[in-house]
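Here the structure comes first, spelled out in structure tokens, and everything after it is commentary.
Atom set for the values below is all heavy atoms of this structure, side chains included, hydrogens, waters and symmetry mates excluded. Labels below follow one simple rule: chain letters A, B, ... track the order of the sequence lines, proteins then strands, and each chain is numbered from 1. Note that the coordinates shown come from a computational prediction; the quantities given were computed from them, not determined experimentally.
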2 protein chains.
Amino acid sequence: MINWRMEEKGFDPERISHVGNKFLTGNGYMGIRGTLPEYEKEQFVAVNLAGIYDQVGDGWREPLNAPNGLYTYVQFEGKQYRLPGGTPLLHTVSLDYRHGVFERTSSWETPKGKLTVTAERFASMREKHLLAMKYCIRCDGEGELLLTSGIDGQVWDINGPHYNEILLQGDEDQVILQAVATTHESKDQVVVCEAYTADFAAAVEPVREDRRILRRLTLQVKAGVQYHIYKYVSVYTSKDTSEYLKQAEHLVRSARDSGYDRLMEQHREEWERLWRISQVTIEGDDQAMEALNYSLYHLHCIAPRHSDHLSIAARGLSGQTYKGAVFWDTEMFMLDFFLFTEPGVAKSLLKYRIDTLEGAKKKAKHYGYQGAFYAWESQEGGYDACSDYNVTDVFTGRQMRTYFKDKQVHISAAIAHGIMRYVNYTGSYDLLAEGGAEVILECARFYYDLLLKRVNREYYELHDVIGPDEYHERVNNNAYTNRMAKFTFDSAVFLLKSLTDLGSQVEERIKRGYDIERLLKQFSDASGKLYVPEPDPVTGVIEQFDGYEKLEDVGIEEVRGRLLHEKEYWGGAYGVATHTKVIKQADVVTMLNLFSKEYREDILLKNWEYYEPRTEHGSSLSACMYAILACKCHMPDRAYPFFMKSALSDISGKGKEWAGLIYIGGTHPASSGGAYMTAVEGFAGLHTEEGMLKATSCLPSHWTRMEFHAICQGRLYRIEVTQKDSQIMDLGELM
Amino acid sequence: MINWRMEEKGFDPERISHVGNKFLTGNGYMGIRGTLPEYEKEQFVAVNLAGIYDQVGDGWREPLNAPNGLYTYVQFEGKQYRLPGGTPLLHTVSLDYRHGVFERTSSWETPKGKLTVTAERFASMREKHLLAMKYCIRCDGEGELLLTSGIDGQVWDINGPHYNEILLQGDEDQVILQAVATTHESKDQVVVCEAYTADFAAAVEPVREDRRILRRLTLQVKAGVQYHIYKYVSVYTSKDTSEYLKQAEHLVRSARDSGYDRLMEQHREEWERLWRISQVTIEGDDQAMEALNYSLYHLHCIAPRHSDHLSIAARGLSGQTYKGAVFWDTEMFMLDFFLFTEPGVAKSLLKYRIDTLEGAKKKAKHYGYQGAFYAWESQEGGYDACSDYNVTDVFTGRQMRTYFKDKQVHISAAIAHGIMRYVNYTGSYDLLAEGGAEVILECARFYYDLLLKRVNREYYELHDVIGPDEYHERVNNNAYTNRMAKFTFDSAVFLLKSLTDLGSQVEERIKRGYDIERLLKQFSDASGKLYVPEPDPVTGVIEQFDGYEKLEDVGIEEVRGRLLHEKEYWGGAYGVATHTKVIKQADVVTMLNLFSKEYREDILLKNWEYYEPRTEHGSSLSACMYAILACKCHMPDRAYPFFMKSALSDISGKGKEWAGLIYIGGTHPASSGGAYMTAVEGFAGLHTEEGMLKATSCLPSHWTRMEFHAICQGRLYRIEVTQKDSQIMDLGELM
């Protein structure tokens, strides 16, 4: 069994960024990077907020980091003991990823003996606006200790500073400090209140620094005695409620009254409640069980449970990387975990897309199309944060025109697929009734407007797109994109034929908005005629896009060897991969996963065998697709390394942290979700057949047993899978 | 009046390449660069042959340079006197461009006084396989002179060496030397025979060097006496006749027998015959008259009069630049000169395209299309010498993928346009009957197969092309391309409706090969529905391609200022011009020239005014298009500087000679042809109305009179234009 604990001993300044990701805590409202209380912005401290953004000048629009109410450091006998400066005697950070509790212990040699600082903290899973920290100091000798603590408004920003101003104030006795920060673009406010208690008497004096409000406690410590302070931090924004200032203060006061231990108890209870349903037990492979549940921990940390219409950013709540924007990652790689364990969160993710339909229609219109073209990097309202220039040419320093925003049209199909996945899995039409129907129709209208017919041919085509493999830009008839567009047409046809099942009110609404007969005719025709590349009759291989077969067939290492600069972009017009068959990530293989029932198993296998050696896996979305398809080809042991790569992505820290001069580090929730999908849908073969949950054992050969729960259509099931068979136990209706 | 003489005094080694172009002589079969007799391959010597090519390894396929039978240098009192080494006392090169006679005079200081070498030579316009040179030496003092002369087989190649071997032999008394060179790829043979006479007695000894067969004459010269040798050089290839070896020897012997003066006389007569029809007299502007007639000289030098189915390369016969390939330059920029002055040559140019139809069909098929997709860079058989990689990235040294070959689809329409121009101007259907009909039908079939229809729209589009402006790649609905495709459909419809006029044999041939009814229906439909961008209702501007209007609107100098390297490519995916409105050359303006009758004059003017400041004129095809359209807008004085730029292009030598590491120097016959079109069709307004020749005066304000001839439908006309009016005199039927 596993001990639900991640730990790193020793201090390495090179690992500050990675440790910040690996030891992240969060509760969906905010994510707190695994940084130390004394860290400042140079160490990538972030209290990253979900769903609130700001743009400064021409910089990228990105989410806010709140002022850091956990900021604390010590001074002993006139000298500061804090990292990253100096070398500690001993240093350990750990994460209880069962309960989302981060801890650090560091000891330093002082002239008066060893000084040890321990700090434990959590982002409350019960009260989403609350952080709490227990900070403990102990010294082997006597001496004067200064403990400085408060709110650090010098936040880390990638394209900031996002706060025009920060108002700082404290009450008379310095118990409660407050920072009210106002954003640049929309004048949103972020308020952070901090209160403390201490189990010792000390002289207290206020300390003001630029954008910091702090207090300093001075005391003479005795040898071997532990001194504790407890910090309570509330975070609200003006978008949460009009009473945000009052509520922030109220929350921090009531938390202080409750006390740290009680808050911790409630917090742990919430986590236990989550794990009762979501834990995946693997027998015979502790490393896999640990990596997988650690991945699920990350998904829990970023699940927007405080909202019923919010989604998850591609880097979760680990910072401003990728602009805090929502990508197709959410629908295609994270959705299933929530669908199976917390359908309410799954619905919230999709409601976000319903809410941002207007933004998607606006984007389509901007490019001259009808329907809904969802944002490649979606922020509030569906604003597309993706720019036309996303990559820096390392040779010239110039920005390179990329086509992610305008040509990666498969994003709209991912939304439609997410909604239909929800509908089919839950058996409920609620999401369709609440606006999902319009999303599907508008996505279908978008693809219909994209359809091209060569005048001399009978079929329809989609030209000038980018598929999942971004190394090949502006291609025609990308297999994934075309198949997903066809799926969208089919979904729209299904929907238009099922209108009466959505209730008369919805039916009327749709009939008012759309010419049902015409759309039915158009979408049926489109689905029937849209060309989807088929397996080659000889090789069985599906060509990724028109002309892929004619590209240079050369190994990944050969292509890597052609790099003239380690950070140069592999794709674009002239990248080393561009005119070769080397692809960034699963593309045809992703398509085959989604539509595996339409292909013979030998076709699945042939494509797996063909594309895997040509895939650089330059995206964290790639490995899990190969893992799942390997399971569908009954090759769990070949799936296993890809599964582990996905599950370990935030542990190993092998992902890229820098793209040229741009920081792209952070957590990889899509990879986490992909690991879950591989375990549950791949190795355990969980799927539905006509609404009934089924499992088919396909365990790696060294696994003896898997056990986990899944919710399906309102009922909870326990699934047990061994090498030989699988069992599904109905545990009854959920309350 | 002008003196028909181009001259440069003084020697500048930096100008060797430019002088080689500017003082070119030629007779259509071969071009001889304006290099000195003692020059070797390092000085870009070339006896460039028309229509015969070779490829070595992966290098570019390019035309052959024959071994240089003119090679000659002197040694006096033990020291060589030859350029580019040393500094002459005096040095002059000159060209009688009325008669294609090149002359050089150089004097050196020697210990025995001044030594003067004069050499005069021509490529016979009467006998296309013949070169002749008179070489004269005179010294102020006595001394020993060694005169070395023969054939230099060390030819200049850009992507050579093209000769696997060169067999060298001389007769016993060294009068006739012979080099037989065999090519690499097809084992074609090039034979060069050289014979000499001298007006003095000398000791003769053979000299053999690597790939050179020479003779050395030794004599004691007297002070002040002129010593002459005469050289006769014949050039044949195994593609000319099976008797090429015999004929080469026969020609050189008979030329030696005729003697230099008689050959010169015949040669001059031929030139006078050409000028009788082609000379353009301009009164009031000698510089313009000189530049224009000098341009026509170049067109005469490269006109393939020795063949009835050969075309002209983009750099004429000035070397291997641009692979000696035929571009759209010929049909769009050179054709009219020949059509008006020598229709037989015009027909030969177009017969070349008829002969290469199979190559064009093969190319179309290669890209998955029906019909004829003509080569962007056409060599024999229509082989497309254009590669997928044509530009070197100056920052990485890598080859950049370009799309000239596969996306510049307007080339096929240029052929159709050339044929229809011939048909309409001559009023003769001979070319159609001789295969032109099939060319037009196959070009129309090609465009028909390219047509796209957005399923949701009624009209047809052409996507993913490059128009004349190559700085913007892979655009949709390029105005020029779409209009030219429509022209091709209209031409095919006209043709299909006129089949009976072509004679029953042709009619039957076409009916056997094509489903007339179906094609008529298809092409009529295509012409009617193909979208051609229209003038904006407010600005009158025609958008060059979809989305051009959204590009950054920034000045050319601003764009130039963004260059990080003087030789970097402006176009491609990331060039400085790519995402701006700055274009390489006339694009919409070229379209408006061709179809000016369909637009109101204010529309022509608005587009001229809009696009000219945004045009870099980075191609020699650009200025003349602006000049001609300015005339159509009745602005001859604004046309004038563009006209002069075209006419002076080979005199000023301002054209680019190097593109990165690739030599692109040479003559600019399209620019010459463009200058002619501007003068005759612009300033003199020559055009036909229902088969009748008309002229409309639009002279620049300082021109008082223009006079020239034109052939139309078998009759010769003299055209006189003054500021006030124009007269056309019918001089009767041509023999």
Task: Reported CG-to-OG1 distance for the pair A/Leu563 and B/Thr396, which is rounded to 0.5 angstrom - done: 11.5 Å

Open item on the list: Using a 6.0 Å cut-off, check whether atom CG of A/Asp553 has over 12 heavy atoms from anything other than its own residue.
Closed with: yes

Open item on the list: Out of A/Asp525, A/Thr578, A/Leu564, return the one with the most heavy atom pairs under 4.5 angstrom to chain B.
Closed with: A/Leu564

Task: A/Lys529 versus chain B, the contacting section by heavy-atom distance below 4.5 Å - done: neither

Task: Residue A/Asp58 excluded, over 12 heavy atoms near CG under 6.0 Å - done: no

Open item on the list: Please output the residues of residues 451-467 of chain B in contact with chain A, using a heavy-atom cutoff of under 4.5 Å, in numerical order.
Closed with: B/Leu451, B/Leu452, B/Lys453, B/Arg454, B/Val455, B/Asn456, B/Arg457, B/Tyr460, B/His463

Task: Heavy-atom contacts under 4.5 Å, residues 364-375 of chain B to chain A - done: B/His366, B/Gly368, B/Tyr369, B/Gln370

Open item on the list: Nearest 0.5 Å, please: how far is OH in B/Tyr574 from CZ in A/Phe395?
Closed with: 12.0 Å

TODO: Calculate, to the nearest 0.5 Å, the distance between atoms NE2 and CE belonging to A/His579 and B/Met400 respectively.
DONE: 10.0 Å

Open item on the list: Looking at B/Glu534, I'd like to know if its CD atom is crowded, meaning that more than 12 non-hydrogen atoms belonging to other residues, nucleotides or ligands lie closer than 6.0 Å.
Closed with: no

- [ ] Report the C-alpha separation of A/Arg398 and B/Glu568 in whole Å, then their side-chain angles, then the decisive distance to 0.1 Å, and conclude whether the salt bridge (Lys or Arg N to Asp or Glu O under 4.0 Å) test is met.
- [x] CA-CA 13 Å; A/Arg398 289 185 186 134; B/Glu568 70 170 289; 2.9 Å; yes

